[in-house]
Amino acid sequence: MSDGIAVTVDDLGKRYRRWPHGSVWALRHCSFELPAGVVAALVGMNGAGKTTLMSVVTGLLAPTEGAVRLGDDASRVSFVAQDKPLYRHFSVTDMLKVGASLNRVWDQRRALRWLERFQIPLDRPCGRLSGGQQAQVAFAIALGSCPSLLLLDEPLSNLDPLARREVTKELLGEVADTGLTVLLSTHVVAELGGVADHLLLLAAGTLLEQGDVDDLLASHVRYVGPRSDTSPGPGQILQARHTDRQSTFLVRLASDSAPRVDPPWTTQTVTLEDLVLVRLEMARSGVRGVAA
Amino acid sequence: MMTAVRKGARMVDLAWLTWRQHRWTIVVTAFAVAGYSAYLLVLRGDFVQVACRNAGSCLNIGPAPQILVSFLLPLVSPVLAGIVGLFWGAPLLAREYEQRTHMLSWTQDVSSTRWLLTRLALLGSVVTVLSAGYGIAGTALVRQIVAADHGRGFGGQYGPFTTTGFELWPPMQVVYALFGLALGVAISAVTRRTVMAMGVTLAAFIAARVLIAVWARPIYLPPMRSTFPIGERQPAFTGVDILELRQGYLDKAGNPMSDAAANDCFTSHPQSPTISACERAHGIDRLFVDYQPADRLPLFHLIELGIFLALSAGLLLLAWRLVRRAVSV
C-alpha cells in the first residue's frame, strides 16, 4: 500500500546470560528492512533465534547491541506469542476488553468480525477453549489494536489444516485491506507457498538469506542433465546431486544473467521450499556466507 | 474500517483490568478484614472496669473476650500484612510470567512499567484503606483494655510498647501491609513462579518482621538506665507504658554483675532484710533497670515506619527494574 519501510533492523544482537558463567548469543549481526505492506516469513529451525528476534522487535526484550527502527507508517506493533497466552478465567468478551483497555486505539468491530468468522463463543472462559480457538482469540486481539506491523510467532502451529488455510486467507485479506505489514515465523517450510512475499531465513542466530521471494526465486535455477561433475551453466553451485545417470545442480545466478544450457541439459525453476532447505542444509554442514 | 475505534489505555481502563484480575482477592480480604475489625469493636464494649482485685484484673469478662485477649489478638494482629504479601503481592507478577500472559499484556500500548506502577498504586490504595481501618479498630480495642485494666492483668499485655499494642497503631499497620505487598511483588519478579514466590514471601516476611521486632526495635535508641538501692521496692515506672529491656545488679563502681550471687542470697536468706545484707556482702550495691521510656513511643513508631518504608521502596525499585527490562520500543 505504501512504498515506505515498515521496520529497519540494524546489526541487531541479543546475548543471554547463562548463570553462573558464560553467555550465549541467540542473535548476532542481524540487519534487514521490511517494506510496508509485505507478508514476511521468518524461517528457521527450532532454536534458530526466531522468537528472540520477534521479542526484540516487539520490545519485550532489550537488544544487547544494534537497534530496531519502526517506519513512519508502522508505529503500531502487535505481537502474538507462540503459546497464544490469554487470561484463562476471562471470557472471550473480557479478553477483548483487555485489548481495549491496554491500547490507545482499538477497533472492537474488527476483533469481533474475526471471532465471528471462526465461530468463537464469546461468553466462554478462554481456558475452556480449544488450542485453535485460543489462537483465534489472540489473533482477534492483535487485529483489534489496529497494528501497522503484526508479528506472529508460529501462528499456525495450533491450528488444524483447514483452519490454517482459512487463517492464512483472512490474514492476506487484512493485508490487502489495510496495508498491514506481517512478519510471521515458522519452521514448517511447506506452509509458505503463496503466502510470503518476503523471506528472512535464520539459522543459529544469523540471517542466511533475505529479500523479496520472487527475486530470490528468479535468481536461482536448477540444471538437470546427464551425469556430470561440472555445472553446465552459469551461477554459483549451492547444491549438486548425482545419481548413476543424472546430475542436478542448484545454482545462484549473478544478477540478470539468463540461465543458458545446451541440450540435453534442461532448467527447472526452484520453489521457496527447495531454496530454504538447501540453504539450511548448507548452514548445517558449515558453509556460512554465499557471495551474491 | 476505523469507524468503531475507541481510545483506551487510560487510568480507568487499567483500573478495570486490575479489578477484573484481582476482584476475588480484594473482596475476600476486604470481607475478612471488615468482619474481624467489626468483631473487635463489638467486643470492645465488654472491656469495662468493674472492681480491681488486688494485683488481679479489673475486668469481669465472658469467654469470648477472654479468648480474644489471651490468645487471638496477639496471634492474629500481624496476619493481615502477611496475607497481602502472600495472596496479593506474590502472584502479581509470577502468575503473569507463569502463564506467559506478560507477553500479551506488555506488548500493547501500555508499557510494562506503567502496567506495574498503576497496578501497585491501585492495589496499594485498597491495602492502605483496609489496613488503616483494621489498625483503627485494633488500637481502639487495646486502648480500651489498657484503660479499663491499667497496669494489671490484661492491661499489661497490651501496653503501647508491647508487640501488639505497638504494631496495631494504624500507620504501622498500613506500612506493614504495604511492605508485604512490595515484598511479594519483588519476590515474584525474581522467582517468576507463583507457588515459590508465595513460599519465599511468607518466609521473608516472617523473618523481616520478627528480626526487626525482636532485635532492632528495643535498641532504636540507647536505653535509659535507672538505678535504686537494694532492698527498696521497684519504683512505679516499671508500668505498662515503658519498654523494659533488662534488670540486674551493679557493684560499687557501677559495673553490671552476674545474677548468680543474688540468686544464692535469695535461696539461702528467705527473709528480706537479711537478703540485703547477704547481697551487700557479695559486693552488690544497686539494682538497675534498662528501659525505653514512654515518651519515646512516637519516635520509635517513626523509626520503624521509616525502616519499613525504606525496605518497601527498595523492593519496589527491584521489581520495577526487573520489569523494565521489557522495554517498549
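Atoms considered below: every heavy atom in the structure, side chains included; atoms not considered: hydrogens, waters and symmetry mates. Labels below follow one simple rule: chain letters A, B, ... track the order of the sequence lines, proteins then strands, and each chain is numbered from 1.
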Item to check | Check: A:Ser157 side chain, A:Glu154 main-chain N or O, donor-acceptor pair, under 3.5 Å | outcome: yes
Checklist entry - Relative to B:Trp19, does B:Arg23 satisfy both conditions: NZ or CZ under 6.0 angstrom from the six-membered ring centre, and within 45 degrees of the ring's axis? => result no
Next on the checklist: What part of B:Glu96 gets within 4.5 angstrom of chain A, counting heavy atoms only: side chain, backbone, both, or neither?
Outcome noted: side chain
Result block: side-chain N/O donor-acceptor pairs under 3.5 angstrom for residues 199-210 of chain B, not counting sequence neighbours:
residue, atom, partner, partner atom, Å
B:Thr201, OG1, B:Ala197, O, 2.5
B:Arg209, NH1, B:Glu167, OE2, 3.1
B:Arg209, NH2, B:Glu167, OE1, 2.8

Checklist outcome for this item: One option among A:Leu102, A:Leu86, A:Val98 has the most heavy-atom pairs under 4.5 Å with chain B, and it is A:Leu102
Next on the checklist: Would B:Arg119 pass as a cation-pi partner of B:Trp115, given that its NZ or CZ must be under 6.0 Å from the six-membered ring centre and within 45 degrees of the axis?
Outcome noted: yes
Next on the checklist: Heavy-atom cut-off 4.5 Å, strictly under: side chain, backbone, both or neither for A:Met95 against chain B?
Outcome noted: side chain
Next on the checklist: Looking only at heavy atoms and a cut-off of under 4.5 Å, which of A:Ser78, A:Ala100, A:Ala81 has the most pairs with chain B?
Outcome noted: A:Ala100
Checklist entry - Does any pair with a residue in residues 23-36 of chain A pass salt bridge (Lys or Arg N to Asp or Glu O under 4.0 Å), and if so which ones, sequence neighbours excluded? => result A:Arg28-A:Glu65
Next on the checklist: Tell me if the centroids of the rings in B:Tyr134 and B:Trp169 come within less than 6.0 Å of each other.
Outcome noted: no
Checklist entry - Could you give all pairs that pass the salt bridge (Lys or Arg N to Asp or Glu O under 4.0 Å) test and reach residues 78-101 of chain A, with sequence neighbours left out? => result A:Asp83-B:Arg100, A:Asp94-B:Arg20
Checklist entry - Which of parallel (below 30°), tilted (30 to 60°) and perpendicular (above 60°) describes A:Phe118 and A:Trp114? => result tilted
Checklist outcome for this item: Among residues 123-145 of chain A, residues within the sub-4.5 Å heavy-atom range of chain B, in order of number, are A:Ile141, A:Ser145
